[in-house]
Amino acid sequence: MTTGIWPLIPYADKKAGIRFLVEAFGFEETLIVPGDNGEITHAELRWPHGGGIMIGTCDPESPFAQQKGSASNYVVTDDIDALYARALAAGAESVYEPRDQAYGSRDFVVRDPEGNLWSFGTYGGS
């Protein structure tokens, strides 16, 4: 049995959010389910190093709705400096640039166009 955590990341504009996540960070589209109105009703993106996310909603009619820009995520990766440059080139706003942490990680934090925070680091847990 495969297990994992799949956080829902809220986007008011799901299509733009998906494009940004693919372009800025390298997430891979694995499932996009369109609704009758052409809007995305469900989407899954995988992280190349394992795990993934689902695209959440800001629609107050949904029991899963979250406020736009309310997510804060930590993602493990090994090429921090190149990913930081890629994220900035795609339009991410820097919160802090790559730095070495006392606990052994090298990481950075950026904000996506809808305000969600994305932390990327080399620390993969113990």
Any heavy-atom pair between the side chains of [Y] and [X] that's under 4.5 Å?
X    : Y    : value
L117 : V95  : yes
Y11  : L21  : yes
Y84  : S94  : yes
Y123 : Y74  : yes
Q67  : P10  : no
L83  : F108 : yes

If I compare all heavy atoms of [X] with all of [Y], which pair ends up nearest, and what's the gap?
X    : Y    : result
C58  : A65  : C-CB, 4.1 Å
V109 : S119 : CG2-OG, 3.4 Å
I18  : A43  : CD1-CB, 3.8 Å
E114 : A12  : OE1-N, 2.7 Å
K15  : I40  : CG-CD1, 3.6 Å
G52  : P7   : O-CD, 3.5 Å

Check your understanding: Does G121 offer a backbone N or O that forms a donor-acceptor pair with the side chain of S105 under 3.5 Å?
Key ->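 Such a contact is absent between S105 side chain and G121 backbone.
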**Asked** Hey, would you say the F120 and F25 ring centroids sit under 6.0 Å apart?
**Response**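 Yes - the distance between ring centres of F120 and F25 falls below the 6.0 Å cut-off.
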If you measure from [atom1] on [X] to [atom2] on [Y], what distance do you get to the nearest 0.5 Å?
X    : Y   : atom1 : atom2 : value
D100 : I80 : CG    : CD1   : 10.0 Å
D81  : E97 : CG    : CD    : 9.5 Å
T30  : E28 : OG1   : CD    : 8.5 Å
I9   : I53 : CD1   : CD1   : 5.0 Å
D13  : E39 : CG    : CD    : 8.0 Å
H42  : I55 : NE2   : CD1   : 9.5 Å

Problem - Geometric cation-pi criterion R99 and Y96, 6.0 Å radius, 45° cone - result: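 Here R99 passes the 6.0 Å and 45° test against Y96.
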For Q101 and D107, what are the C-alpha separation, side-chain angles and deciding distance, and is it a side-chain contact (heavy atoms from CB on, under 4.5 Å)?
CA-CA 7 Å; Q101 302 292 350; D107 56 31; 2.8 Å; yes
Apply the test side-chain contact (heavy atoms from CB on, under 4.5 Å) to residues L31 and M54: give CA-CA distance (whole Å), side-chain angles for both, the deciding distance (0.1 Å), then the verdict. CA-CA 9 Å; L31 179 64; M54 293 183 193; over 6 Å; no
Do other residues, nucleotides or ligands put more than 12 heavy atoms under 6.0 Å from the CG atom of N37?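 Yes - once you tally the heavy atoms of other residues, nucleotides and ligands closer than 6.0 Å, there are more than 12.
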Open item on the list: Just checking Y103: does its OH atom have more than 12 heavy atoms from other residues, nucleotides or ligands closer to it than 6.0 angstrom?
Closed with: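 Yes, the 6.0 Å shell around OH holds more than 12 heavy atoms from other groups.
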Are [Y] and [X] connected into the same hydrophobic cluster when the rule is that any two of I, L, V, M, F, W, Y join if their side-chain heavy atoms are below 4.5 Å apart?
X   : Y    : answer
L8  : W6   : yes
V76 : W118 : no
V75 : V110 : yes

> Do N116 and R111 pass the side-chain contact (heavy atoms from CB on, under 4.5 Å) test, and can you show the C-alpha distance, the side-chain angles, and the key distance before you say yes or no?
Replying inline: CA-CA 5 Å; N116 297 304; R111 190 177 312 276; over 6 Å; no
**Message:** Does the plane of the ring in W47 sit parallel, tilted or perpendicular to the ring in F27? Use 30° and 60° as the thresholds.
**Reply:**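 Ring orientation of W47 relative to F27: tilted.
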Pair V33, T41 - check side-chain contact (heavy atoms from CB on, under 4.5 Å), show working. CA-CA 6 Å; V33 180; T41 61; 3.4 Å; yes
